[in-house]
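Letters A, B, ... are given to chains in the order of the sequence lines, protein chains preceding strands, and every chain is numbered from 1. Note that this is a predicted model, so its numbers are computed, not measured.
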Amino acid sequence: MSSIQASRGTRDILPDEVSYWQRVETIVREILVRAAYQEIRTPIFEQTALFERGMGEATDVVNKEMYTFKDRGDRSLTIRPEGTAGVARSYIEHNLHAQGGVQRLWYAGAMFRYERPQAGRQRQFHQLGVEVLGSGDVRADAEAIALATEILQTLGLKDLRLDLNSIGDANDRQTYREALVNYLTPFKEELDADSQDRLTRNPLRILDSKDPRTQTILDQAPSILDYLGSDSQRRFDRVQQLLSDLGIACNINSRLVRGLDYYTHTVFEIQSDDLGAQATVCAGGRYDGLVSELGGPETPAIGWAMGLERLILLLQQIQPVSPSKVDFYVVSRGEKAESQALILAQLLRRSGFTIELDLSGSAFGKQFKRADRSGAVACLILGDSEAETKTVQLKWLKSGEQTAIEQSALLETIADLRTKISHLKDEN
RNA sequence: GCGAGCGUAGCCAAGUGGUUAAGGCAGUGGUUUGUGGUACCACCAUCCGGGGGUUCGAGUCCCCUCGUUCGCCCCA
């Protein structure tokens, strides 16, 4: 094949699939608006330093997955690999903190990571995220998590697991880190190769190793939850209590750690068993240190991101596509009739009907075939004789029943039939 | 970045060295040039992701490459 194809790890979302995306977008917008979240749109590319500082220079995303390039002014830019850093940057740059109170923001858009494509993982993918900036209240944690579960539940997704953990503050993590390293060092030779390497580099990440032998060793390892300071512990207890009050079931997973450096205290992940290896649909947590790290004021914050491709993968497993239906399919033949049909179509569209005008110019028989396939409820037919008498034939496709209507009276006659149309539409 | 599998028309798919590349769905045309959904008929891959090689002969074997799938790493 010599023609150009979509780049590796990117793909087209064709009309059949777009209806899923639209459904998600509609539901998301409704739920977030009701919770007083405001949409924010930040640039697709940012200065490379933003992501390096925000996500942590030691993370894999920063080290090997970013699309980084120099522009003509020799600036190092990076196409965003995630959304939080850009939102935090914007929050600082526009002094949104000076507006007082809590900023509840959401975004949705394409993110880019140079990774090996796999089911549920692409180089260009889409995330929906929320960021609550300026509140350290545990209710912010609970509210954010509740919104995520609300969205997933409203979309009809079942069998999702919410894992919750606290990774404490920096001090808690430091003491825990030492304890973990002390415990693991004697077992060093028995750990998988990656974990051995992480023992010095990033020991906390050993906790979510998938290697069974490493997991066995970890069974007896100290738990981060035993190393939380009293403040951290109180926070964690409160979050659990609030979630329980909201009727949200969660599973405490003391081995849950997140990949990006900015997380503190609450971390969580929502997973599905129906996605293969890339099981995480939504993940997030508190990041009280990020805004100050990026040069802003001390700002407590919590947020999460959802992978929309993964979400839609799940949606497709439970629901068939609902093709958008046409109210009237307009069939016409003959120069005069065809131009009248065009005018009538526009007239009807203005009063809110969905109209598909047949443009093929082929025989009536062919046009009716297409009318069927369009899923239209009824046909409007204009031929030479209709053009002469300024009438139009209205034919209900299911019953075959057909009547003639004056073109001038079409709008009011059809308006009366609105309920019949919506009824027939629902039937299919 | 590492390991393994796969790649035949818009979609699904047979084919396992012998040459005209099954079949189904979809599509197009017709039976029916002013009336569809059913039925019947016809058409619809000079070509098997791309390139190179082995062979008298390759979709079928080998190599490279691209893409994809599953897993690792990582992550949403």
Side-chain angles (χ1 to χ4, degrees), chain A residues 1-11 14 16 55 58-66 81-84 108-129 148 152 192-195 197-198 202 205 208-211 257-260 268-272 275-285 303-314 329 331-334 337 358 360-376 378-387 393-402 428:
Chain A
M1 209 171 285
S2 61
S3 57
I4 296 173
Q5 296 167 289
S7 301
R8 175 163 216 209
T10 69
R11 56 185 214 101
L14 297 174
D16 272 354
M55 301 170 83
T59 57
D60 277 28
V61 173
V62 168
N63 281 314
K64 38 183 227 196
E65 296 175 4
M66 295 206 299
E82 58 110 42
T84 300
M111 306 293 162
F112 304 82
R113 291 182 197 172
Y114 191 89
E115 294 186 276
R116 182 94 181 239
Q118 195 175 324
R121 189 168 71 193
Q122 299 161 211
R123 291 184 172 180
Q124 175 177 347
F125 61 104
H126 296 80
Q127 282 188 337
L128 161 73
L152 297 169
D192 61 280
D194 286 315
S195 294
D197 188 39
R198 284 187 291 214
N202 194 353
R205 296 219 55 89
D208 57 13
S209 166
K210 285 178 189 167
D211 184 79
V257 287
R258 311 257 58 251
L260 309 180
F268 72 96
E269 214 169 271
I270 300 174
Q271 299 193 320
S272 164
L275 284 172
Q278 308 306 323
T280 303
V281 182
C282 175
W304 50 252
M306 267 187 207
L308 294 182
E309 278 80 4
R310 293 181 188 176
L311 189 63
I312 279 158
L313 238 34
L314 291 174
Y329 191 94
V331 163
S332 58
R333 192 137 167 81
D358 191 300
S360 67
S362 50
F364 272 125
K366 292 296 161 200
Q367 296 196 44
F368 275 99
K369 268 188 183 162
R370 276 190 278 272
D372 259 326
R373 264 179 272 133
S374 77
C379 248
L380 288 175
I381 307 150
L382 282 114
D384 292 335
S385 53
E386 286 78 15
Q393 298 285 334
L394 166 67
K395 177 170 183 174
W396 299 95
L397 285 169
K398 199 163 184 188
S399 63
E401 172 195 346
Q402 183 170 328
N428 302 321

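For the pair A:Trp304/A:Leu128, a side-chain contact is recorded, criterion being any heavy-atom separation below 4.5 Å from C-beta on. Side-chain contact check for A:Phe125 versus A:Arg113: some heavy-atom pair is nearer than 4.5 Å. Between A:His126 and A:Met306, the closest side-chain pair of non-hydrogen atoms is not below 4.5 Å.
For B:rA45 and B:rA9, the P atoms lie 12 Å apart once the distance is rounded to whole Å. As rounded to the nearest Å, B:rA14 and B:rG59 have C1' atoms that lie 12 Å from one another. Rounded to the nearest Å, the gap between the C1' atom of B:rC75 and that of B:rG7 is 28 Å. B:rC72 and B:rC12: their C1' atoms are spaced 32 Å apart (whole Å). Comparing B:rU55 with B:rC62, their P atoms are spaced 16 Å from each other, to the whole Å. Atom C1' of B:rG36 sits at a distance of 16 Å from the matching atom of B:rG30, rounded to the whole Å. Look at the C1' atom in both B:rG18 and B:rG5: the space between them is 29 Å, to the nearest Å. Straight-line distance between the C1' atoms of B:rG67 and B:rU8: roughly 15 Å, to the nearest whole Å.
Heavy atoms of A:Leu128 sit nowhere under 4.0 angstrom from any nucleic acid atom. In this structure, A:Gly400 reaches the bases: a heavy-atom distance under 4.0 Å links it to at least one base atom across the strands shown. At a threshold of 4.0 angstrom between heavy atoms, the contacts of A:Asp372 include nucleobase atoms, whether or not backbone atoms are also involved. Residue A:Gly276 is in sugar-phosphate contact alone, with no base atom involved, counting any heavy-atom pair closer than 4.0 Å across all strands shown. A:Gln122 comes within contact range of at least one nucleobase, with a heavy-atom separation under 4.0 Å. Nucleic acid contact for A:Asp384: base, since at least one base atom lies under 4.0 Å from a heavy atom of the residue. The residue A:Ala363 sits apart from the nucleic acid: no heavy atom pair falls under 4.0 Å. Residue contacts shown for A:Ser385 include a base, since a base heavy atom lies under 4.0 Å away. At the heavy-atom level, A:Ala283 lies under 4.0 Å from the strands shown only through sugar-phosphate atoms. At the heavy-atom level, A:Gln278 lies under 4.0 Å from base atoms of the strands shown. When heavy atoms are screened at a 4.0 angstrom cut-off, A:Gly83 is found touching no nucleic acid atom at all.
Pair check for B:rC47 finds none; no Watson-Crick or G-U wobble contact set falls under 3.5 Å. Partner assigned to B:rG10 is B:rC25, using Watson-Crick or G-U wobble distances below 3.5 angstrom. In this structure B:rG37 sits in no base pair that meets the Watson-Crick or G-U test at under 3.5 Å. Applying the Watson-Crick and G-U wobble criteria (two distances, each under 3.5 Å), B:rG71 pairs with B:rC2. Taking a pair to require two hydrogen-bonding distances under 3.5 Å in either a Watson-Crick or a G-U wobble arrangement, B:rU16 remains unpaired.
Between the side chains of A:Ser360 and A:Asp358, a donor-acceptor pair is found at a separation under 3.5 Å. Inspection of the A:Asp211 and A:Ser195 side chains reveals no N or O donor paired with an N or O acceptor under 3.5 Å.
Atom OH of A:Tyr114 is surrounded by 12 or fewer heavy atoms from other residues, nucleotides or ligands within 6.0 Å.
Atom CG of A:Asp16 is separated from atom P of B:rA26 by 15 Å (rounded to the nearest Å). Taking atom CZ on A:Phe368 and atom P on B:rU38, their separation rounds to 16 Å, with Å as the unit. For A:Leu314 and B:rA76, the CG to P distance is 16 Å, given to the nearest whole Å. A:Asp208 has its CG atom 10 Å from the C1' atom of B:rC75, to the nearest Å. Between the C1' atom of B:rG34 and the CZ atom of A:Phe364 lies a distance of 5 Å, rounded to the nearest Å. To the nearest angstrom, P of B:rC74 lies 9 Å from NZ of A:Lys210. For the pair A:Glu115 CD and B:rC73 P, the interatomic distance rounds to 13 Å; values are reported in whole Å. Here the C1' atom of nucleotide B:rG37 and the OH atom of A:Tyr329 are 14 Å apart, to the nearest Å.
Residue A:Ile381 has its side chain nearest to B:rU35 when only B:rU28, B:rU35, B:rC74 are considered. Set against B:rA76, B:rU28, B:rC70, the side chain of A:Gln118 has B:rC70 as its closest nucleotide. Residue A:Pro117 places its side chain closer to B:rU69 than to any other of B:rC72, B:rA76, B:rU69. For A:Arg8, the listed nucleotide lying nearest its side chain is B:rU68; candidates were B:rG36, B:rC73, B:rU68. Of the candidate nucleotides B:rC74, B:rC73, B:rC75, B:rC74 has the atom lying nearest to any side-chain atom of A:Glu65. Of all nucleotides listed (B:rG36, B:rG34, B:rA76), B:rA76 comes nearest to the side chain of A:Phe125. Across B:rG36, B:rA4, B:rC75, the shortest atom-to-atom separation from the side chain of A:Val61 is found for B:rC75. Looking at the side chain of A:Arg373, the nearest of the listed nucleotides B:rG27, B:rC2, B:rC73 is B:rG27. Nearest nucleotide to the A:Thr280 side chain, out of B:rG36, B:rU28, B:rA76: B:rA76. Here the side chain of A:Ala305 is nearest to one of B:rC75, B:rG71, B:rA76, namely B:rA76.
With hydrogens and angles ignored, a donor-acceptor pair closer than 3.5 Å exists between the side chain of A:Gln402 and the base of B:rU35. Side-chain to base pairing of A:Lys395 with B:rG36: one donor and one acceptor N or O lie within less than 3.5 Å of each other. Counting distance only, with no hydrogens placed and no angle test, the side-chain atoms of A:Arg310 and the base atoms of B:rC75 include a donor-acceptor pair under 3.5 Å. For a distance-only test at 3.5 Å, the side chain of A:Arg121 qualifies as a donor-acceptor partner of the base of B:rC74. Between the side chain of A:Gln5 and the base of B:rG50 there is no donor-acceptor pair of N/O atoms closer than 3.5 Å.
In summary, A:Arg258 and A:Glu269 engage in a salt bridge, as defined by a charged side-chain N under 4.0 Å from a carboxylate O.
Of the side-chain N and O atoms in A:Arg116, none sit less than 4.0 angstrom from OP1 or OP2 of B:rC75. A:Gln393 has no side-chain polar atom (N or O) that falls below the 4.0 Å cut-off from OP1 or OP2 of B:rU35.
When A:Leu311, A:Leu152, A:Leu314, A:Thr280 are each tested for a side-chain contact (heavy atoms from CB on, under 4.5 Å) with A:Ser272, only one passes: A:Leu314.
Remark: A:Arg123 fails to qualify as a cation-pi partner of A:Phe112 under the 6.0 Å distance and 45° angle criteria applied to the six-membered ring.
Toward the 5′ end of RNA chain B lies the nearest nucleotide of A:Lys366, the other residue of the pair A:Lys366 and A:Ala277 mapping further downstream. Two residues, A:Gln127 and A:Asp192, neighbour RNA chain B, and the one matched to the more 5' nucleotide by heavy-atom proximity is A:Asp192.
With A:Gln367 contributing its side chain and A:Ser332 its backbone, the two residues share a donor-acceptor pair below 3.5 Å.
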